[in-house]
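Got a structure for you, questions after.
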There are 2 protein chains.
Amino acid sequence: MPSPDRKISESTVRRLSAYLRSLEALEASGAEMASSGELARRAGTTAPQVRKDLSTFGSFGKRGLGYPVVPLIGSLEAILGLTREWRVALLGAGRVGAALHTYPFFRERGFRIVAIFDNDPEKVGLRWDDTTIRHIDELESVLAGEAVEIAILTVPAAPAPALADRVVRAGVGAILNFAPARLELPPHVVVNEVNLAMELELLSFALTRSEPR
Amino acid sequence: MPSPDRKISESTVRRLSAYLRSLEALEASGAEMASSGELARRAGTTAPQVRKDLSTFGSFGKRGLGYPVVPLIGSLEAILGLTREWRVALLGAGRVGAALHTYPFFRERGFRIVAIFDNDPEKVGLRWDDTTIRHIDELESVLAGEAVEIAILTVPAAPAPALADRVVRAGVGAILNFAPARLELPPHVVVNEVNLAMELELLSFALTRSEPR
DNA sequence: CTTGGGTTGTGAATCTATTCACAAGCGGGC
DNA sequence: GCCCGCTTGTGAATAGATTCACAACCCAAG
């Protein structure tokens, strides 16, 4: 796998993730090979796009035949960094945190939640599966002790920026932010924002423009 | 407001949504005017980008002064379609559904959840606030009766595509899909996918590429 | 009234991403 | 061994988004 030095765009990575899911469906249905056209159909893109995306990372297909399903799954997992375990902390044990914690994807894909934090004394000490909820005061020591690499923020907007700073200072390299607040962090930190407001406003914008005609 | 006919890109709309949030923060802090630079700093983009985005929809600023905060909030709300109420249905009364239902943003912004569905007989009949959970068998009649315009899917991947079809046939024009499944729907339907797997894989990809150096 | 610092609005230039087109390669059939 | 249908891999062309540069404008101060 060439693993190129040049920058890979976010949309390419999102598509790789979609190809992986398509390939897993194909594997489950017993297919051994998949053409770029088939992958495109399932992932919602075009055949040339699939080929270009994959060719960025190597030459995985056989001309005339397509891509071998099982080996390509392995290659994509390697590219996406899914062949190892990631140590994840959950900040905020509210409803969103609970929803994420029970999501089976985490286990299946090796994202292991090793720490949960909240500032509500009622919640501190409770166990979710085999993880005890810790008070946010213990953030730094627990993050270091558990060697946390990814933090998921499911706290209100107000405390989010300060918590993100603390988490980064404690050595966490990536943040998935569900709080509707912008985080200003050093460039080496990977941040990904999921903003429900934005997603709904996208819908209302599109509906508003399409309906009055 | 010119409200142009040419296509507006999704990233532009996402930024408009971010500007709106930035402006609301500025309003709360008592500011009357905001420059493109100030908005860019808060929304995480550049000043020319802010000006270009806004100029797509009209001329909202005053040269030498910036943009008037309160009027621009009103203009952005109008552009994003937030000046009216939207009737929303929640499909799936699990943890994700519960998290969304309690999110105060919905009320604040006029997204009114008028129907909740599940297929679990234990849940059917329960009330969340003042909305009774209905069985999914009643989908079509309730959607029509409540004049639902937006559906939010928080169901497992397997039933998602079929439910999306039913919802669209019942006249719903927009879907926010939290299920990790691709929906193939007629082009007039607005679909927005939120995929936790993708978001996490984006992080693990970036971490994998940045760490080994 | 004029000057000057500051800011918008926008065409042009640049940069990035997607799509196209086709040579190269594979395997099955004869 | 040699076509032939099929599919990849990729440079070139196109389309799309962002950034730049600057004229037009606004207000305050003198």
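The chains referred to below are lettered A, B, ... by the order of the sequence lines, with proteins before strands, and numbering in each begins at 1.
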(message) With nearest nucleotide decided by heavy atoms, which residue, B:Pro48 or A:Thr45, maps closer to the 5′ end of DNA chain C?
(response) B:Pro48

(request) Find out whether B:Ile73 and B:Tyr19 are in side-chain contact, i.e. whether some heavy atom of one side chain is under 4.5 Å from a heavy atom of the other. (result) no

(message) Going 5' to 3' along DNA chain C, which are the first and last nucleotides with any atom under 4.0 Å from a heavy atom of chain B?
(response) C:dG6 to C:dA12

(message) Rounded to whole Å, how long is the line connecting atom CZ of A:Phe57 with atom C1' of D:dG9?
(response) 15 Å

(request) To the nearest 0.5 Å, tell me how far A:Glu10 CD sits from B:Leu202 CG. (result) 4.5 Å

(request) Kindly give the heavy-atom pair with the smallest separation between B:Ser35 and B:Tyr67, and that separation in Å. (result) C-CD1, 4.4 Å

(message) Pair A:Glu201, B:Arg21 - check salt bridge (charged side-chain N to carboxylate O under 4.0 Å, His left out), show working.
(response) CA-CA 12 Å; A:Glu201 285 166 14; B:Arg21 248 156 298 285; 2.9 Å; yes

Could you list all N or O pairs between the protein and nucleotides 22-26 of chain D that sit under 3.5 Å apart?
residue, atom, partner, partner atom, Å
D:dA24, N3, B:Arg63, NH1, 2.8
D:dC26, O4', B:Arg63, O, 2.9

(message) Strictly below 4.0 Å, N to O, side chains only: are B:Glu149 and B:Arg84 in salt-bridge contact?
(response) yes

(message) I need the minimum non-hydrogen distance between A:Leu39 and A:Ser22, along with the two atoms involved.
(response) CD2-CB, 4.0 Å

(message) If the condition is side chain to side chain donor-acceptor pair (under 3.5 Å), which residues does A:Asp165 pass it with, not counting sequence neighbours?
(response) none

(message) Applying side chain to side chain donor-acceptor pair (under 3.5 Å), can you list everything that pairs with B:Glu199, at least two apart in sequence or on another chain?
(response) A:Arg14, A:Asn192

(request) Mind listing the residues from residues 12-36 of chain B sitting with a heavy atom below 4.0 Å of DNA chain D? Number order is fine. (result) B:Arg15

(message) I need the NZ-C1' distance between B:Lys52 and D:dG16, as an integer number of Å.
(response) 12 Å

(message) Show the nearest heavy-atom pair for residues A:Arg95 and B:Ala98, with the distance to one decimal.
(response) CD-O, 3.6 Å

(message) Show the nearest heavy-atom pair for residues B:Ala179 and B:Pro156, with the distance to one decimal.
(response) CB-O, 4.0 Å

(request) Mind calculating the distance between CD (A:Gln49) and P (D:dT8) to the nearest angstrom? (result) 14 Å

(message) So if I take residues 182-193 of chain B and measure heavy-atom distances to DNA chain C, which residues fall below 4.0 Å?
(response) none

(request) Return the orientation label for the B:His101 and B:Trp128 ring planes: parallel under 30°, perpendicular over 60°, tilted otherwise. (result) tilted

(request) Measure up the B:Phe105 and B:Tyr103 rings against each other and bin them: parallel (under 30°), tilted (30 to 60°), perpendicular (over 60°). (result) tilted

(request) Please check if any side-chain donor atom of B:Thr83 sits under 3.5 Å from a side-chain acceptor atom of B:Glu77, or the reverse. (result) no

